[in-house]
Asks: 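Can you read through this structure? Questions will come right after.
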Amino acid sequence: MRLSTLYRNLWFVILALLSLQSCKFEAKSKEKTATIEENTTKEGNVVVTKAGSPLWTPYNDAAEVAANADHAKKKMRFKFIQSKVVDKNEVFQPLYKAVSKFTRQQYERMKPMVLEQDIPTIQAQIEAGKFTYEELVLFYLYRIYKYELPNETTLNTVIALNPRVLEEVRSLDSTSEGHHPIYGMPILLKDNIGAQNMKTTAGSVALLKNQTDDAFIVKQLKKHGALILGKVNLSEWANFICDCPNGQSAVGGQTLNPYGRRKFDTGGSSAGSGTSTAANYAVAAVGTETSGSILSPSGQNSVVGMKPTIGLLSRSGIVPISSTLDTPGPMTKNVIDNGILLDAMRGFDASDDKSVQADWNENWYRPQNTSLKGKRFGALKNYVERDSLYRETLELLKKAGATIVAFEPPEVKFDGFLSILNIDMKRDLPTYIEAWVNNKDDVVITSVEEAVTFNLQDSLVRIPYGQARFDGILADTTSTEGLKAIKKRLRRAGMAYFNKPMAEHQLDAMLSINNYDAGVAAVAEYPALTIPMGYRATGEPVNLTFIAKPLQEGKLYGLGAAFEALTKARKLPKGYSD
């Protein structure tokens, strides 16, 4: 038998097994909802049960999987789409009765005042009595239920809802007067960030029952009056288990891009944070990045993402990859919201040894000078040569009075980068489990090694794409001294990559595309702000990324606000505009 024929037959066998798993899950769900199908009614524009439960039935996704088998991008060749672990009826049922009472008329009245609007505008509407914080929460929940329950429109992005969010919103003051601007704003969290009343799974079946207290940044958000609306999907273990499709996890299934479901990559690993923000499922979302995990999905979903200086935001209570390079960060529809959300999360955390307290004035994220005139930006020659949208954007910046200096980046070696992640995670995961997991008897692992063994017990469900990166962690024998040397060398290399041209040409910032230079920014520990730049001819979103020196987030917001005002590039995804 020819090798190609053997592979083809093997692929059909895998599809058949996946289809069988899906059918088993479908049968199980139908057992639970048999009486639901006999007792449905219409409330507003949505089908609901008389008991108040949502009507959702799992489906066989084999046809959709097969349709993507020949996708031009390998990462878009899915093995499954629908979660085989999470029943959406269990996720959406607790709040559905309240959401079903929020009428289509209320939604349509609020839509122009909320959809795509920034936080100051929304707060002004609340101040004027146009709607309340509770109605704002219901507005976003209505959108989530409207698009996430039908299998034809679901992005597989919201995988948990805060069952107490309506109780929490009712305890707020009527307006944000005297409060931080984040007050009363519904926020979604990537599901590797700890939050009470919801599990923190990192997308892994091994952490399916993981209960923790609020992560430090979540405590900060709540202190300022923000509302945690729910959790969103991610690339499992923050994209550090295998060379998998972005946005897939065993728990959440395959997250899809609202600008092209099954057509465009979601980016990873904060795929759910990017897709949910793009679709206006909340005011904003929080992602995390080790190397590109905020910048990538922000670019792929046409949202604003900030990878801050490492240590500006605490990592305590977040499922780790690397205590050297990890950071959370805000993902929003516009620059001002990004600064507001970042500000609401920051604060010194004594339990995080990289934590810093930036001495910024109040409202530092509201830049006074947002002009591009006289600013100097570095552009990488290879991007200029090969990317027409990047070239067109540079011309716009020039017309706005900026100076563009194109250059070849210095050659630096970044070998050893993977060992930082391998050895850090090998050490940091047990520390996290010991310090943060409240129900240790229900969490079946305490280490990467145990996770590998656990996954092998049911590989079709737990690791459908394998776990090559976990295997790599166990195989890495880099010593403590060797790791220290790698970290020191790579940080110097990353800083040289940016510092040399910035000093030579007196640059305000470097200009990149999406997450193209995320690895260098990671090892240099430099902040990066990515902002919608436009769309390819295919409709795929693309971002311009500004990179500056440590703790220059305020400067980046000034540059970003000016760029955003100049281009007004972001567009709401068409299928999610109603």
Side-chain angles (χ1 to χ4, degrees), residues 68 71 73-86 155-160 188-193 200-208 210 231-258 261-262 264-278 285-301 303 305 307 318-322 325-329 331 418 421-422 425 429 448 451 455 461-473 514-515 518-519 522:
N68 268 51
H71 197 286
K73 292 186 177 180
K74 184 180 177 181
K75 280 184 174 286
M76 296 294 292
R77 298 171 191 169
F78 306 137
K79 293 186 179 180
F80 75 113
I81 294 175
Q82 181 179 237
S83 171
K84 297 173 181 60
V85 176
V86 172
L155 301 174
N156 281 342
T157 184
V158 177
I159 61 174
L188 289 166
L189 302 176
K190 184 177 179 179
D191 195 28
N192 59 350
I193 301 171
T200 300
T201 73
S204 170
V205 178
L207 297 181
L208 188 61
N210 179 29
K231 294 283 198 79
V232 289
N233 200 18
L234 70 162
S235 306
E236 187 168 335
W237 289 105
N239 236 351
F240 204 59
I241 185 170
C242 61
D243 187 19
C244 315
N246 287 315
Q248 79 79 32
S249 73
V251 171
Q254 178 64 57
T255 300
L256 302 173
N257 190 318
R261 296 175 76 254
R262 304 194 351 257
F264 300 134
D265 198 328
T266 60
S269 65
S270 303
S273 303
T275 56
S276 61
T277 300
V286 182
T288 66
E289 174 152 335
T290 306
S291 176
S293 288
I294 289 172
L295 300 179
S296 167
S298 294
Q300 287 296 132
N301 292 282
V303 300
K307 193 281 286 192
I318 299 174
V319 180
I321 292 179
S322 167
L325 302 177
D326 288 349
T327 179
M331 298 172 70
L418 194 59
L421 310 189
N422 286 340
M425 189 170 186
L429 181 59
V448 174
N455 289 337
V461 171
R462 297 173 185 174
I463 46 169
Y465 297 93
Q467 51 184 342
R469 288 180 180 164
F470 269 18
D471 291 336
I473 293 172
N514 292 358
N515 62 320

Asks: Check whether any side-chain heavy atom of Leu295 lies under 4.5 Å from a side-chain heavy atom of Glu289, and answer yes or no.
Replies: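 Sidechains of Glu289 and Leu295: in contact.
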Asks: With sequence neighbours excluded, what pairs up with Thr201 under the side chain to side chain donor-acceptor pair (under 3.5 Å) test?
Replies: Asp191
Asks: List the residues meeting side chain to side chain donor-acceptor pair (under 3.5 Å) with Ser276, not counting sequence neighbours, and say none if there are none.
Replies: none
Asks: Quick one: closest heavy-atom pair of Pro258 and Asn301, and the distance?
Replies: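 Closest heavy-atom pair between Pro258 and Asn301: CD-OD1, 3.3 Å.
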Asks: Would you call Leu256 and Thr275 a side-chain contact if the rule is heavy atoms closer than 4.5 Å?
Replies: no
Asks: Specify the closest pair of heavy atoms between Met331 and Pro297, including all atoms of both residues, with the distance to one decimal.
Replies: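 Closest pair (atom of Met331, atom of Pro297, distance): CE-CG, 3.9 Å.
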Asks: Quick check against the 3.5 Å criterion: does Thr266 have a side-chain atom that pairs as donor or acceptor with the backbone of Ala271?
Replies: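 No: the side chain of Thr266 does not pair with the backbone of Ala271.
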Asks: Identify the heavy atoms of Pro245 and Gln254 that sit nearest to each other, and give their distance.
Replies: CB-OE1, 3.5 Å
Asks: Is there a donor-acceptor pair closer than 3.5 Å between any side-chain N or O of Asp265 and the backbone N or O of Gly267?
Replies: yes
Asks: Ser235: which residues meet the side chain to side chain donor-acceptor pair (under 3.5 Å) condition with it, sequence neighbours left out?
Replies: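 Not a single residue meets the side chain to side chain donor-acceptor pair (under 3.5 Å) criterion with Ser235.
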Asks: Identify, with sequence neighbours excluded, every residue that meets side chain to side chain donor-acceptor pair (under 3.5 Å) alongside Ser270.
Replies: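 For Ser270 the side chain to side chain donor-acceptor pair (under 3.5 Å) partners, ignoring immediate neighbours, are Lys190.
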Asks: Taking side-chain contact (heavy atoms from CB on, under 4.5 Å) as the criterion, tell me which of Ser291, Ser296, Ser298 meets it with Asn515.
Replies: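 So the option named by the test is Ser296.
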Asks: Let me know which of Asn239, Ile294, Asn233, Asn192 forms a side-chain contact (heavy atoms from CB on, under 4.5 Å) with Ser269.
Replies: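 The passing option is Asn239.
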Asks: Return the minimal non-hydrogen interatomic distance between Phe80 and Gly253, and the atom names on each side.
Replies: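 Taking every non-hydrogen atom into account, CE1-CA, 3.6 Å.
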Asks: With sequence neighbours left out, write down each residue that passes side-chain contact (heavy atoms from CB on, under 4.5 Å) with Asn210, or none if nothing qualifies.
Replies: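 If we apply the side-chain contact (heavy atoms from CB on, under 4.5 Å) test to Asn210, skipping adjacent residues, the hits are Thr200, Leu207, Thr212, Tyr432, Val437, Asn439, Val443.
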Asks: Phe470: what forms a ring-ring contact (aromatic ring centres under 6.0 Å, His included) with it, not counting sequence neighbours?
Replies: Trp237
Asks: Do side-chain atoms of Asn514 reach the backbone of Gln300 as a donor and acceptor pair under 3.5 angstrom?
Replies: no
Asks: What are the two closest non-hydrogen atoms of Pro328 and Val286, and how far apart are they?
Replies: CB-CG1, 4.4 Å
Asks: Would you check if the side chain of Lys231 reaches a backbone N or O of Ile193 as a donor-acceptor pair within less than 3.5 Å?
Replies: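 A pair under 3.5 Å: yes.
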